[in-house]
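See structure below.
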Amino acid sequence: MPTITLPDGSQRAFDAAVTGTAIAEAIGPGLARAALVMVVDGQEQDMARAITADAQVKFITRKDPAALELIRHDAAHLMAEAVQALYPGTQVTIGPSIENGFYYDFYRNEPFTPEDLPAIEAKMRELVARNETFTREEWDRDVAVKYFEDKGERFKAELIRDLPPSETITIYRQGAWLDLCRGPHLRSTGDIGTAFKLQKTAGAYWRGNAKNPMLSRIYGTAWRDQKELDAYLTQLEEAERRDHRRIGREMDLFHIQEEAVGSIFWHAKGWKLYRTVEEYIRRRLERNGYEEVRTPQLVDRKLWEKSGHWEKYRKNMFIAEVVEEESTLALKPMNCPCHVQIFKQGLRSYRQLPLRMAEFGSCHRYEPSGALHGIMRVRAFTQDDAHIFCTEDQIASETVKFVELLESVYKDFGFESFAVKFSDRPDERAGADEVWDRAEGALKTACEMAGVTTTLNQGEGAFYGPKLEFVLRDAIGRDWQCGTLQVDFVMPERLDAEYVTADSARARPVMLHRAIIGSFERFLGILIEQYAGRFPLWLAPTQVVVATIVSDADDYAAEVATALRVAGLTVELDVSNQKIQAKIRDHSLHHVPNILVVGRKEAEERTVALRRLGGAAQEILPLQQAIALLKAEAMPPDLRGEAKHGA
RNA sequence: GCUGUCAUAGCUCAGGGGUAGAGCACUUCAUUGGUAAUGAAGAGGUCCUGGGUUCAAUUCCCAGUGACAGCACCA
């Protein structure tokens with residue numbers, strides 16, 4: 001005699017166990033048609049499942065955003081059936097729904113290629129049209145294992161064998177095809193709809209382990225209706241237009257070539273952008289109590305052996321040897337051991353802590369070739385690195401200060417939101433468990449004090465300590481770690497850093513490794529995509545172009561350009577033999593934020609016609625006024641308040 | 001690193017066993033014009049590198065390098 005409570009609080013009593021389908025029908029035919037899955041006491045279940053006890057029930061319809069995940073999950077099953085129908089002998093493995101779509105990993109001697117996709121997609125549409133009901137069955141574990149093994153599905157059999165003993169083995173049928181699945185599923189294949197598209201093929205390791213066989217993965221995207229699918233595909237195209245590699249070339253910011261894989265050739269304009277960011281960060285650090293240092297590029301392997309990097313990261317380091325000497329040097333892959341060397345010069349007092357030591361540290365790491373990506377993932381990079389030497393008691397307050405600074409910096413660059421991950425101890429690590437307990441505890445407390453919400457990234461900490469990762473998202477939806485804060489009790493111990501305490505004893509400082517933008521290379525890549533090349537004035541590599549209408553205005557235009565340069569703006573002069581329309585178009589395509597147009601009239605009246613990027617209107621201003629206006633607009637955000645106060 | 005795809009002018013790309021094309025960009029000439037393309041002419045290629053097959057290879061085959069996508073990696 002279950003009583004069902006609906007979201008509006010109303011209740012319905014049934015004489016016997018009742019299925020979701022029956023409840024929906026009892027409420028009304030409209031809901032019966034629309035309900036895809038029910039939620040029983042917070043748990044999603046198939047419509048056909050019977051409810052035996054009192055429960056809170058609601059229904060998920062196509063309008064519900066939760067339907068997306070169901071559609072994608074089912075689309076993955078559908079694709080697996082289609083693939084096995086078209087390519088007998090292909091083994092199935094797993095196929096989850098993911099952000100924006102789904103994938104399925106298959107095992108097959110011949111990997112799938114993009115040419116295979118249209119046939120598979122066509123088959124899927126055929127299966128949707130067939131509208132097969134999804135039916136759920138509970139199987140005995142041994143029966144299930146034997147069934148899949150007999151079919152030659154060794155990956156599936158392995159999955160079932162590895163399921164925890166408490167887990168009920170459920171199988172879903174769709175027509176003649178079946179798969180192991182936890183569910184729930186839509187009512188039938190027809191519910192999936194037709195707003196899906198297979199996108200690409202790729203390799204992926206079985207169970208995500210590089211030692212396992214390579215599977216063939218097919219990615220697809222699926223939506224509730226065609227409109228959503230079209231919008232998503234349009235968004236993908238937009239993302240491609242924003243790609244920093246494309247914009248970097250078009251705006252003449254940088255290039256990479258075969259002779260220096262993973263290193264950036266910064267062109268004048270890109271370097272201007274880089275310097276603007278560097279100068280900004282330098283000001284922020286100096287005003288937040290950091291001192292800047294500079295340490296060697298090439299350091300003897302002995303130091304890396306002491307720090308532990310040699311043992312763990314030897315394969316990822318660039319080594320330099322000299323004919324004249326026995327020594328082996330390594331290009332530094334990180335700055336912290338060098339900073340400890342500075343800390344160790346002379347006796348340090350507790351009065352000096354926290355000591356915040358910053359460096360725009362240029363590092364080299366041999367990254368696997370497949371990891372390289374434009375300027376986002378490179379082998380030679382520069383960090384806005386700093387190490388805070390402090391006492392254990394100071395960890396929390398230093399973390400809070402750091403997070404405040406980081407938030408303010410991200411905001412100045414136009415990032416209002418970012419994700420924070422908490423990475424705890426990895427399997428392979430240095431330091432005793434007791435030390436890790438303290439480090440993780442201190443970081444957790446600090447996060448609470450700073451009001452930071454984190455998601456746990458289990459086992460992903462650095463080998464010397466737990467860390468926070470601050471993640472920004474690029475235009476293509478990929479997440480990039482930029483900021484970081486790592487608590488380290490190990491490095492000071494290994495490299496023997498110490499300070500004199502208030503009672504004249506010796507103690508180990510704690511080191512906080514921290515970066516806000518992370519690597520300049522990566523951060524600039526994200527900035528380029530964030531703004532699609534249309535930077536705010538303070539960051540724009542070319543802030544103003546002075547363009548002439550007639551050659552009679554050339555002298556005046558040169559005078560205007562010089563005056564702007566004296567005011568500190570980055571200016572280009574365009575006196576080329578082109579019509580003004582062509583000049584406007586050219587500079588607009590290169591995302592120049594301001595064009596000052598000068599013709600005979602302006603030259604005579606000592607004015608300029610200011611044209612904003614993307615705007616149609618012009619504004620005629622006296623030269624001095626235009627300069628003052630642009631100069632104020634080009635002020636970096638951290639200096640704006642001061643300007644107002646007359647500083 | 002692994003799997004797959006790709007590599008032709010500065011860029012975007014077409015082509016194809018018989019010494020290579022378009023558009024844009026570039027140079028020159030004419031044009032001096034008022035807010036997203038003035039016109040004409042010209043120059044520009046080791047068709048990624050090495051090997052093989054062939055009378056002949058940029059094209060077909062093999063290897064390497066690099067790029068791209070995903071996976072793995074990311075102190």
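Residue numbers start from 1 in every chain, and the chains themselves are labelled A, B, ... in the order their sequence lines are given, proteins ahead of strands.
- Per the geometry, CZ belonging to A:R246 stands 13 Å off P belonging to B:A69, to the nearest Å.
- Look at the P atom in both B:U49 and B:G4: the space between them is 24 Å, to the nearest Å.
- For A:K421 and A:D479, the salt-bridge test fails: no basic side-chain N is under 4.0 Å from an acidic carboxylate O.
- Remark: A:D555 pairs with no residue by the side chain to side chain donor-acceptor pair (under 3.5 Å) rule, at least two apart or across chains.
- Rounding to whole angstrom units, CG of residue A:L372 and P of B:A67 are separated by 6 Å.
- With B:G34, B:A75, B:C71 as the candidates, the nucleotide lying closest to the side chain of A:Y205 is B:C71.
- Protein atom CD of A:E258 is 14 Å distant from nucleotide atom C1' of B:C6, rounded to whole Å.
- Checked against a 6.0 Å centroid threshold, the rings of A:Y104 and A:F102 do not count as neighbours.
- Proximity note for A:V261 (side chain, C-beta onward) versus B:U35, B:A75, B:A67: the nearest is B:A67.
- Proximity of A:Q581 to the phosphate of B:G33: no side-chain N or O atom is located under 4.0 Å from OP1 or OP2.
- Comparing B:G34, B:A75, B:A36 against the side chain of A:I580 picks out B:G34 as the nearest.
- Among the nucleotides B:A75, B:G34, B:C71, the one closest to the side chain of A:R217 is B:C71.
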Would you list the atom pairs, donor with acceptor, under 3.5 Å between side chains in residues 597-606 of chain A and any protein atom, with sequence neighbours excluded?
unit_1: A:R600; atom_1: NE; unit_2: A:D552; atom_2: OD2; d: 3.0
unit_1: A:R600; atom_1: NH2; unit_2: A:D552; atom_2: OD2; d: 3.1
unit_1: A:E602; atom_1: OE1; unit_2: A:G599; atom_2: N; d: 2.8
unit_1: A:R606; atom_1: NH1; unit_2: A:E559; atom_2: OE2; d: 3.3
unit_1: A:R606; atom_1: NH2; unit_2: A:E559; atom_2: OE2; d: 2.4

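- Closest to the side chain of A:N316, out of B:A36, B:A69, B:A75, is B:A75.
- Going from the P atom of B:C71 to that of B:U46 covers 38 Å, rounded to whole Å.
- Considering only side-chain N and O atoms, A:R249 lies under 4.0 angstrom from the phosphate OP1 or OP2 of B:U12.
- B:A7 and B:A75: their P atoms are spaced 35 Å apart (whole Å).
- Listed candidates were B:C73, B:U38, B:A36. Nearest to the side chain of A:A371 is B:C73.
- Residue A:A609 has its side chain nearest to B:U35 when only B:G70, B:A75, B:U35 are considered.
- The side chain to side chain donor-acceptor pair (under 3.5 Å) test applied to A:R356 returns A:E398, not counting sequence neighbours.
- As rounded to the nearest Å, B:C48 and B:A57 have C1' atoms that lie 15 Å from one another.
- A side-chain N or O of A:T295 and one of A:E359 form a donor-acceptor pair less than 3.5 Å apart.
- In terms of the side chain to side chain donor-acceptor pair (under 3.5 Å) criterion, residue partners of A:R377 (sequence neighbours excluded) are, by chain and number, A:E367.
- A distance of about 15 Å separates the P atoms of B:C60 and B:C47, rounded to the whole Å.
- For a distance-only test at 3.5 Å, the side chain of A:E602 qualifies as a donor-acceptor partner of the base of B:G34.
- Comparing B:C68 with B:U12, their C1' atoms are spaced 16 Å from each other, to the whole Å.
- Considering CE of A:M511 and CD of A:E493, their distance stands at 13.0 Å, rounded to 0.5 Å.
- With sequence neighbours excluded, the residues that form a side-chain contact (heavy atoms from CB on, under 4.5 Å) with A:N209 are A:K211, A:N212.
- Between A:K467 and B:A75 there is a side-chain polar atom (N or O) within less than 4.0 angstrom of OP1 or OP2.
- Legend: side chain to side chain donor-acceptor pair (under 3.5 Å) pairs involving residues 378-390 of chain A, not counting sequence neighbours, sorted by first then second residue: A:Y274-A:T382, A:N335-A:Q383, A:N335-A:D385, A:H339-A:H387, A:H387-A:H513.
- Contacts between residues 543-552 of chain A and RNA chain B, defined by a heavy-atom separation under 4.0 Å, are made by A:I549, A:V550, A:S551.
- A:R245 has a side-chain polar atom (N or O) that falls below the 4.0 Å cut-off from OP1 or OP2 of B:C68.
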Each nucleotide N or O in nucleotides 41-43 of chain B that has a protein N or O under 3.5 Å away: list the pair and distance.
none

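- Using a 30° and 60° split on the angle between ring planes, A:Y232 and A:W223 fall in the tilted class, from 30° to 60°.
- Comparing the P positions of B:A9 and B:C62 gives an interatomic distance of 24 Å, to the nearest angstrom.
- For B:A20 and B:G44, the P atoms lie 13 Å apart once the distance is rounded to whole Å.
- Note on A:H255: every side-chain N or O is 4.0 Å or more away from OP1 and OP2 of B:G10.
- Secondary-structure annotation of RNA chain B gives the stems B:1-7 with B:65-71, B:10-13 with B:21-24, B:26-30 with B:38-42, B:48-52 with B:60-64, with a stem taken as at least 3 successive Watson-Crick or G-U pairs whose two distances both fall under 3.5 Å.
- Taking the six-membered ring where tryptophan is involved, the planes of A:W304 and A:H309 are perpendicular, since the angle between them exceeds 60° and thus also 30°.
- With hydrogens and angles ignored, a donor-acceptor pair under 3.5 angstrom links the side chain of A:R377 to the base of B:C73.
- The list of salt bridge (charged side-chain N to carboxylate O under 4.0 Å, His left out) pairs with a residue in residues 92-111 of chain A, not counting sequence neighbours, reads A:E99-A:R473, A:D105-A:R217.
- Residues from residues 360-370 of chain A with heavy atoms under 4.0 angstrom of RNA chain B, sorted by number: A:R365, A:P368, A:S369, A:G370.
- By the stacking rule of 5.5 Å between ring centres and under 30° between planes, A:Y464 does not stack on the base of B:A75.
- One finds no side-chain N or O of A:R379 lying less than 4.0 angstrom from the OP1 or OP2 phosphate oxygen of B:C73.
- Salt bridge present: A:D437 and A:R425 bring a charged side-chain N and a carboxylate O closer than 4.0 Å.
- Listed by first and then second residue, the salt bridge (charged side-chain N to carboxylate O under 4.0 Å, His left out) pairs that reach into residues 305-317 of chain A are A:R301-A:E305, sequence neighbours excluded.
- Atom OH of A:Y107 is separated from atom P of B:U3 by 12 Å (rounded to the nearest Å).
- The side chain of A:R600 contributes an N or O atom lying less than 4.0 Å from OP1 or OP2 of B:G33.
- Distance A:K583 NZ to B:U32 P: 14 Å, rounded to the nearest Å.
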